K.L.:
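First the structure, then my questions, so here it is.
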Amino acid sequence: MDLLLQFQHILESDPLIDEVGFVHPTQFATLTEDSTGDAAISDGITQAVLPLYNAAKRAFIAAMEEYKRLSDDGLESEVMRHSKALLLLSSDFGTAWNSRKLVVSKKQQLSMYMGELLLSALALSYSPKSDQSWSHRRWVIKSITGKCSALQEILGKESELVEKIAERSIMNYCAWNHHCWLVSYMTREQVLHELKKSRNWVGLHVADNCCFHYRRRLMLRILKDSTCKLENASPGYSVEVSELWKEELDWNEMLIKRYIGREALWLHRRFLSLCWMKQFATNLHDVSCHFDLKLSTSDSFNSFIDNELHILNSCSTVPNNDFEDFQAQATYSATYILWLTKQIPEFWSEFQEKLTIGNLKTMLSKVCPERSFLWDSFIDLMETPDQFLKE
């Protein structure tokens with residue numbers, strides 16, 4: 001309990017503390033290497049965190065039971081005080097987060113909601129994948145929507161927090177999932193800004209599919225807005241969306257050729273191609289005009305096929321069999337083309353004319369021989385169009 005009082009005093013002495021951490025026993029020797037009595041210091045502190053957690057848990061449960069029994073407003077401060085200490089020791093303690101929701105919801109004070117954002121950020125500073133902490137932030141944002149004039153500013157800071165944490169915690173699904181959730185609260189201008197801003201970050205983390213998933217969510221939001229007849233939409237908005245898609249395809253192609261064998265890049269291209277076919281290929285003449293290609297419907301689609309097959313040819317060369325990234329690149333490019341042909345059966349004849357199936361089969365069997373049976377079966381099916389389309 002003495003440790004708990006000391007810990008709570010530290011937290012209360014500076015309400016703007018934005019980072020917390022705990023020293024592991026194995027680090028004590030390094031921290032005290034220039035002092036005497038290293039062993040004594042280590043032995044004396046090794047067991048501090050667990051007793052501190054137990055004391056905080058007992059204090060919180062006692063305060064919560066008393067608060068429920070008496071419904072005394074004076075006990076709310078004790079619940080908040082002990083739950084804060086407990087959550088910084090165990091950030092996924094759901095009952096403690098729920099107790100804070102109960103108190104804050106009852107008070108309905110904006111300052112308390114802001115305090116919850118500070119607390120959850122503090123917990124995330126040492127436990128960046130704490131799902132309960134991220135969930136609590138979403139609850140706060142839901143609660144203040146429509147009540148806070150600075151909501152868009154808060155959303156901007158949320159994006160900065162996610163990127164800061166994602167930089168230190170690789171492939172943090174919880175952080176990027178929170179980022180995706182925020183998109184529905186963003187204005188059109190914020191979405192476009194986020195799409196532009198995130199490009200540099202994503203370009204430096206091409207193996208992290210989570211950040212590409214975030215870009216896909218942003219682009220789907222833009223696509224959704226473009227299909228709705230919004231009163232404030234500009235006349236050239238649909239052209240802007242078409243150009244945006246073309247820029248993303250070109251950027252993705254550049255990354256694929258620069259960073260060899262990164263699966264996340266090929267998965268992102270599948271999304272881009274599928275949306276292009278579903279949203280724009282229904283009127284390919286208009287799309288060609290948007291892209292300033294001045295092509296017929298057939299020519300426009302053939303241009304798309306030619307470009308994808310060009311990517312296949314440029315990525316299917318394996319100059320060094322010992323370099324696994326080149327083998328992975330060839331496999332991803334070939335499977336992407338196989339996937340693409342399945343998505344557009346109505347244009348199968350055009351694809352079949354341009355795709356050299358024999359060479360594709362040989363290349364796949366060479367770079368990925370352990371799946372030769374799968375390649376043989378799939379490509380044999382492709383060579384029988386009626387059966388392929390049926391399947």
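This structure is a prediction, so every number in the text was calculated from the model and none was measured. Just the heavy atoms: all of them, side chains too, but no hydrogens, waters or symmetry mates, feed the values below.
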K.L.:
Could you tell me how the ring of His178 sits relative to the ring of Trp181: parallel (under 30°), tilted (30 to 60°) or perpendicular (over 60°)?
P.N.:
parallel
K.L.:
Pair Asn177, Arg217 - check side chain to side chain donor-acceptor pair (under 3.5 Å), show working.
P.N.:
CA-CA 10 Å; Asn177 180 58; Arg217 184 61 64 88; 5.9 Å; no
K.L.:
Hey, is NZ on Lys68 packed in by over 12 heavy atoms from elsewhere, all under 6.0 Å?
P.N.:
no
K.L.:
Does the side chain of Tyr113 come under 3.5 Å of the side chain of Gln108 through a donor N or O and an acceptor N or O?
P.N.:
yes
K.L.:
Side-chain contact, heavy-atom cut-off 4.5 Å: Lys84 with Arg100?
P.N.:
yes
K.L.:
Any luck finding a side-chain donor-acceptor pair between Ser130 and Ser133 under 3.5 Å?
P.N.:
yes
K.L.:
Do Met171 and Tyr173 land in one hydrophobic cluster if side-chain heavy atoms of ILVMFWY residues count as linked below 4.5 Å?
P.N.:
no
K.L.:
Quick one: ring-ring contact (aromatic ring centres under 6.0 Å, His included) pairs with a partner in residues 62-108, sequence neighbours left out?
P.N.:
Trp97-His136
K.L.:
How many angstroms lie between OH in Tyr214 and CG in Leu195, if you round to the nearest 0.5 Å?
P.N.:
8.5 Å
K.L.:
A side-chain contact here means heavy atoms from C-beta on lying under 4.5 Å apart; do Val191 and Glu194 qualify?
P.N.:
no
K.L.:
Is there a side-chain contact between Pro128 and Arg168, using heavy atoms and a 4.5 Å cut-off?
P.N.:
no
K.L.:
So do Arg199 and Glu248 actually touch side chain to side chain, heavy atoms under 4.5 Å?
P.N.:
yes
K.L.:
Would a 4.5 Å heavy-atom cut-off, applied to side chains only, mark Ser135 and Trp139 as touching?
P.N.:
no
K.L.:
CZ of Arg258: more than 12 outside heavy atoms within 6.0 angstrom?
P.N.:
no
K.L.:
Name the one of Tyr336, Trp339, Phe212 that satisfies ring pair (Phe, Tyr, Trp, His ring centres under 6.0 Å) with Trp266?
P.N.:
Tyr336
K.L.:
Side chain of Asp92, backbone of Gln132: donor and acceptor closer than 3.5 Å?
P.N.:
yes
K.L.:
Kindly compute the distance separating NZ (Lys142) from OG1 (Thr145), expressed to the nearest 0.5 Å.
P.N.:
9.5 Å
K.L.:
Only pairs under 3.5 Å count here: list side-chain donor-acceptor contacts from residues 54-63, not counting sequence neighbours, and write none if there are none.
P.N.:
residue	atom	partner	partner atom	Å
Asn54	ND2	Leu50	O	3.4

